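Just so you know, these numbers use all the heavy atoms, side chains as well, and skip hydrogens, waters and symmetry mates. Predicted model only: the values in this text are computed from it and were never measured. Throughout, protein chains are lettered first and strands after them, A, B, ... in sequence-line order, and every chain is numbered starting at 1.
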2 protein chains.
Amino acid sequence: MATAASGKLERSTTAVEVARVLKQRILAGHYAEDQFIRQELIAQELGVSRIPVREALAQLEAEGLVVREKYRGAVVPKLSVTEIEEIYALRLMIEPYLLRAAIANIQPDQIAHLSEIVRRSRETGDMTLWAGLNVEFHRTLYEAAGKPLAMQVLDNLLSRADRYLKMQRFLSAETQEESDAEHQRILDCVIAGDADAAVDALCAHIRWNATDVTRMIGFTA
Amino acid sequence: MATAASGKLERSTTAVEVARVLKQRILAGHYAEDQFIRQELIAQELGVSRIPVREALAQLEAEGLVVREKYRGAVVPKLSVTEIEEIYALRLMIEPYLLRAAIANIQPDQIAHLSEIVRRSRETGDMTLWAGLNVEFHRTLYEAAGKPLAMQVLDNLLSRADRYLKMQRFLSAETQEESDAEHQRILDCVIAGDADAAVDALCAHIRWNATDVTRMIGFTA
DNA sequence: GCGAAAATTTTTGGATCCAATATTCAATAT
DNA sequence: ATATTGAATATTGGATCCAAAAATTTTCGC
């Protein structure tokens with residue numbers, strides 16, 4: 001029976017919780033690139049000791065979201081053009097792999113779920129909500145693939161990419177519409193079971209995204 | 001001036017050191033799949049407190065080398081056929097990417113280094129030394145690519161694969177010869193600057209490796 | 001004797017305390 | 001005035017101690 005509904009019963013140690021919060025903050029651009037993340041400060045803010053904070057930072061370092069130097073502290077690494085190029089190059093390898101596997105395995109209820117996401121995505125005007133639906137679309141789609149390792153690798157890439165995407169938030173609303181349309185296109189191909197066309201649409205989607213971000217980087221960095 | 005020669009002066013916090021040792025042990029198959037890695041035991045064995053051990057385990061979990069359950073402990077996750085399939089599928093995407101970039105950037109002295117590695121690899125009879133030269137070959141080759149992120153992702157994949165490879169240690173000596181020959185083939189293509197041929201040779205190398213391992217898994221798991 | 005409930009033991013997670021190192025700031029010499 | 005050196009401060013890393021939860025053993029009832 002366990003905890004009522006289902007899923008996983010009470011997870012998360014405080015260290016994991018701290019890591020979650022820190023990750024959110026980092027991806028939201030809360031910390032400047034040269035700013036040290038002070039353990040004591042975080043500990044006080046969250047009402048815990050420094051131990052779980054340190055463990056959280058260790059995790060985040062393994063994920064590449066911070067860099068720690070001995071006796072100096074943890075900082076968010078600088079954004080770099082090479083990194084973003086690598087992120088998108090890797091996405092262009094991994095996502096087609098996941099998409100093909102997903103198309104081979106996907107179930108009707110999952111397709112319905114995807115349609116629902118796209119519909120809501122189209123309707124909403126809220127940028128953060130839209131962003132959430134955006135990742136949910138990809139996550140739902142790829143989970144049908146049954147490739148947990150590739151999924152984990154991709155998750156890490158998307159986490160890193162998020163730091164760059166946040167700068168993109170200010171971009172046009174047509175960006176949003178265009179993205180929704182591409183999602184719809186991909187979904188249509190999935191429903192039709194046309195893997196090649198789906199991959200084409202997906203890659204176009206990613207590439208378009210990539211040029212958008214790199215253009216943005218070019219302005220600032 | 002600092003510490004004599006050069007490079008980085010005394011790195012590594014004890015937590016990192018512990019992580020290194022644990023990683024070695026895990027990859028060497030020191031811990032059974034259902035066996036809990038007890039913090040206190042590790043701490044005593046290495047003469048440190050449990051704190052750095054915990055931090056090390058947190059890092060290793062982020063790398064996917066252990067799984068931790070709240071208040072239960074850390075275990076090495078089970079080997080799975082799906083994981084090994086994913087690993088090799090991902091390697092077949094990432095390594096060609098790195099190889100092409102490496103060929104575009106590689107310098108004469110790096111090529112010389114690679115030749116040296118292959119030569120030594122051919123000569124040695126020691127299996128562990130050979131394994132070391134094996135990874136050094138790939139590492140040296142890909143470092144020329146100047147793609148740190150892809151390199152990091154690949155490193156993680158190779159770490160995971162190592163757990164499967166160790167079972168392969170008992171395989172024939174002709175495995176070793178064949179592998180050396182393939183390295184030589186790849187190196188020849190690199191020298192000739194023929195990226196397509198190099199990638200073909202590399203993929204053949206990886207695929208051959210994959211079938212070898214999956215065959216092995218089939219026997220045991 | 002066997003099963004269930006309770007107590008003991010073990011082990012992890014977190015907090016507090018101490019040591020090691022880096023940073024900052026003041027004093028001093030040139 | 002400026003650079004250099006040394007003391008004071010701040011901050012991280014590690015050790016010891018305590019609490020929470022799981023595993024194990026013991027005890028009690030039948």
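- Regarding A:Gln59, its CD atom lies at a distance of 13 Å from the C1' atom of C:dG13, rounded to whole Å.
- To the nearest angstrom, P of C:dT16 lies 15 Å from CD of A:Gln39.
- In the set C:dA22, C:dA15, D:dA21, D:dA21 carries the atom at the smallest distance from any side-chain atom of B:Tyr71.
- In this entry the distance linking CD of B:Gln44 with C1' of C:dT11 reads 13 Å, nearest Å.
- Regarding contacts with the backbone of C:dT12, a side-chain N or O of B:Arg38 is found under 4.0 angstrom from either OP1 or OP2.
- Closest approach of A:Phe137 to A:Leu114, counting heavy atoms only: O-CD2, 3.5 Å.
- Whole-Å rounding puts the A:Ile37 CD1 to D:dT11 P distance at 14 Å.
- D:dG13 atom P lies 15 Å from atom CD of B:Glu17, rounded to whole Å.
- In this model, a side-chain donor or acceptor of B:Arg50 finds a partner on the base of C:dG13 within 3.5 Å.
- Paired with B:Glu45 under the rule salt bridge (charged side-chain N to carboxylate O under 4.0 Å, His left out), one option of B:Arg50, B:Arg38, B:Arg25 passes, and it is B:Arg25.
- Both B:Phe36 and B:Ser49 sit near DNA chain D, but only B:Ser49 has its closest nucleotide nearer the 5' end.
- Here C:dG13 presents its P atom at 9 Å from CD of B:Glu61, a figure rounded to the nearest Å.
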Applying side chain to side chain contact (heavy atoms under 4.5 Å, CB included) to B:Asn134 and B:His183, what does each step give before you reach the verdict? CA-CA 9 Å; B:Asn134 188 8; B:His183 282 175; 2.9 Å; yes

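- Residue B:Ile51 contributes atom CD1, which lies 17 Å from atom P of C:dA20 at whole-angstrom precision.
- Taking a 6.0 Å sphere around CZ of A:Arg139, one finds it holds 12 or fewer heavy atoms contributed by other residues, nucleotides or ligands.
- One can place CZ of B:Arg68 at 16 Å from P of D:dA22, the figure rounded to the nearest angstrom.
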